[in-house]
2 protein chains.
Amino acid sequence: MRLTTKGRYAVTAMLDLAFHSERTPVTLMDIATRQTISLSYLEQLFSRLRRAEMVVVVRGPGGGYQLSRPVAEINISDIIKAVDEQIDSTQCGGETNCQNQKACLTHDLWMGLSNQIHHYLASISLADLLERKPIQEVASRQEQDVEHLIELRREVIVRL
Amino acid sequence: MRLTTKGRYAVTAMLDLAFHSERTPVTLMDIATRQTISLSYLEQLFSRLRRAEMVVVVRGPGGGYQLSRPVAEINISDIIKAVDEQIDSTQCGGETNCQNQKACLTHDLWMGLSNQIHHYLASISLADLLERKPIQEVASRQEQDVEHLIELRREVIVRL
DNA sequence: ATATAGTTGACTGATTTACTGGGTTAAGGA
DNA sequence: TCCTTAACCCAGTAAATCAGTCAACTATAT
């Protein structure tokens, strides 16, 4: 279980989905605009999220992504694991042969530690995050800030 | 608070120190041999650990490193923060201006999350880890496995 | 048909990781 | 005083990862 900015991007994007995809799918372009993440980077992340069956896809016009299950059933740990390529942190993948064919100190230590963190993050769902006041406020502001940009983009595209 | 292999190396090395430096200082060479970490990499890590006042140094023959305080007063979070240069995970360093001079979704979310992880790791001390059975067993085995190597190294050096 | 939107892969620059090798400095012992 | 020990420090580097770009592709709704 690693904790890097990559995982944070994924959690942010999933939270954005949770806010906006209840009725209609959300395009990566919309998420990119609201969360200021590059579209192509989002594509990479969602490719993994899709393979991990965290999101479902609707292709074609009006399409986009939606969460594959209710927000209460998606936890932070799963999101991070989906994008963070699990090059397991002990170099032996639970094989317990990190050091001269035997377990290293780190093995038991870090396994235990990262298990605990994993369980902790697994206990937090998207639903939990959605309930938080400050997050709701930020999300509303983001919608207003960026709504006109998204509209503008659509109009401009239509005119061309 | 990031969670990478670098932090794991630091925690492993500190745990090794906790096991072996109670009476006499421990050289980085010994740790390098026991934990199979490169000596120069250890030097880098301990340079930071020393600046963070996690360890004290004794120079010259018979010297090495010792913990700066009792094992119960050194927690995992401090160790990781000492070596992981805190390029804060939100790009705004608590300034709350990550996105167009305002808070991003990530800000509150990730701040909260990483705070919780920080507190969790802060609640685990080296003393806690030392008490764990599997860790004790691995440490004993490592001593036996490597003791002769360390002895050998000293003899060889003496002969040269 | 055409525009929308996801899918895939190759490729890039920047940064971090983990390590090598060189020399310098402090301290202890013969 | 000289030698050894061991920390200190610096410059460099191969590999991996991060974050992102670009281009060609497929599926689908209108």
Side-chain angles (χ1 to χ4, degrees), chain A residues 2-10 12-13 17 21 24-33 35-51 55-66 80 83-89 91 106 150 153-160, chain B residues 2-10 12-13 17 21 24-33 35-51 55-66 80 83-87 89 91 106 150 153-154 156-160:
Chain A
R2 288 187 307 165
L3 229 44
T4 63
T5 51
K6 192 175 188 175
R8 199 187 73 227
Y9 276 115
T12 305
L17 254 195
S21 74
T24 58
V26 169
T27 70
L28 293 187
M29 192 64 206
D30 284 358
I31 299 178
T33 309
Q35 307 303 334
T36 49
I37 304 173
S38 101
L39 175 62
S40 303
Y41 198 43
L42 278 178
E43 284 174 355
Q44 284 179 37
L45 298 179
F46 273 80
S47 166
R48 287 167 178 279
L49 290 170
R50 189 179 55 80
R51 278 195 283 262
V55 294
V56 288
V57 67
V58 180
R59 297 181 68 151
Y65 286 95
Q66 283 179 306
I80 294 176
V83 298
D84 252 18
E85 62 234 77
Q86 202 72 351
I87 294 183
D88 90 291
S89 65
Q91 282 141 348
T106 312
I150 294 177
R153 200 181 64 230
R154 293 206 170 109
E155 284 171 27
V156 168
I157 289 169
V158 165
R159 281 180 204 157
L160 292 176
Chain B
R2 287 188 308 165
L3 229 46
T4 65
T5 51
K6 190 174 189 176
R8 199 187 75 230
Y9 277 113
T12 304
L17 255 196
S21 73
T24 57
V26 169
T27 69
L28 293 188
M29 193 65 207
D30 284 359
I31 300 178
T33 309
Q35 307 303 333
T36 50
I37 304 173
S38 102
L39 176 60
S40 302
Y41 197 42
L42 278 178
E43 284 176 355
Q44 283 178 39
L45 297 180
F46 274 80
S47 167
R48 287 167 179 279
L49 290 170
R50 188 178 54 81
R51 277 193 284 261
V55 294
V56 288
V57 67
V58 180
R59 297 182 71 151
Y65 286 95
Q66 282 181 305
I80 294 177
V83 297
D84 253 18
E85 63 233 81
Q86 202 75 346
I87 295 182
S89 64
Q91 283 138 348
T106 311
I150 293 176
R153 199 183 63 228
R154 294 210 170 106
V156 168
I157 288 170
V158 165
R159 280 179 204 159
L160 289 178

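Residue numbering restarts at 1 for every chain, and letters A, B, ... go by the order of the sequence lines.
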Exercise. Taking side-chain hydrogen bond (donor to acceptor under 3.5 Å, both in side chains) as the test, write out the residues that go with A/Thr4, two or more places apart.
Key: none
Practice problem: Please list, chain by chain and in numerical order, all residues satisfying side-chain hydrogen bond (donor to acceptor under 3.5 Å, both in side chains) with A/Thr24, sequence neighbours excluded. | Solution: none
Check the distance between [N]'s [atom2] and [X]'s [atom1] and give it to me in whole angstrom.
| X | N | atom1 | atom2 | answer |
| --- | --- | --- | --- | --- |
| A/Gln66 | C/dG6 | CD | P | 12 Å |
| A/Ile31 | C/dA5 | CD1 | C1' | 13 Å |
| B/Asp84 | C/dT15 | CG | P | 17 Å |
| B/Leu45 | C/dT16 | CG | P | 15 Å |
| A/Tyr9 | D/dC18 | OH | P | 12 Å |
| A/Gln44 | C/dC11 | CD | C1' | 11 Å |
| B/Met29 | D/dA7 | CE | C1' | 14 Å |
| A/Leu39 | C/dT7 | CG | C1' | 12 Å |

Nucleotide nearest [X] when distance is taken to its side chain, options [options]:
| X | options | answer |
| --- | --- | --- |
| B/Leu28 | C/dT17, D/dA7, C/dG6 | D/dA7 |
| A/Thr4 | D/dC18, D/dC9, C/dC19 | D/dC18 |
| A/Thr27 | C/dC19, C/dA5, D/dA7 | C/dA5 |
| A/Val57 | D/dA19, C/dG6, C/dT20 | C/dG6 |
| B/Arg50 | D/dC9, D/dA7, D/dT21 | D/dC9 |

Exercise. Fit a plane to each ring of A/Tyr9 and A/Tyr41, take the angle between them on a 0 to 90° scale, and name the class: parallel (under 30°), tilted (30 to 60°) or perpendicular (over 60°).
Key: perpendicular
Practice problem: State whether the side chain of B/Gln66 and the backbone N or O of B/Val56 hold a donor-acceptor pair below 3.5 Å, judged by distance alone. | Solution: no
Quiz item: For B/Tyr41 and C/dA18, is the shortest distance between a side-chain N/O and OP1 or OP2 below 4.0 Å?
Solution: yes
Exercise. Determine: side-chain N/O of B/Arg2 to OP1/OP2 of C/dT17, distance under 4.0 Å, yes or no.
Key: yes
Quiz item: How would you label the contact of A/Tyr65 with the nucleic acid (heavy atoms, under 4.0 Å): base, sugar-phosphate, or nothing?
Solution: sugar-phosphate
Exercise. Apply side chain to side chain contact (heavy atoms under 4.5 Å, CB included) to A/Ser47 and list each qualifying residue two or more places apart in sequence or on a separate chain.
Key: A/Arg51
Exercise. Could you name each residue pair satisfying salt bridge (charged side-chain N to carboxylate O under 4.0 Å, His left out) that touches residues 38-48 of chain B, not counting sequence neighbours?
Key: B/Arg48-B/Glu85
Quiz item: Taking all atoms of both residues into account, what is the closest heavy-atom pair of B/Val83 and B/Gly7, and its distance?
Solution: CG2-CA, 4.1 Å
Quiz item: If the sugar-phosphate is the primed atoms plus P, OP1 and OP2 and the base is the rest, what is the B/S/- string for nucleotides 22-30 of chain D, using protein heavy atoms under 4.0 Å?
Solution: B---BSBB-
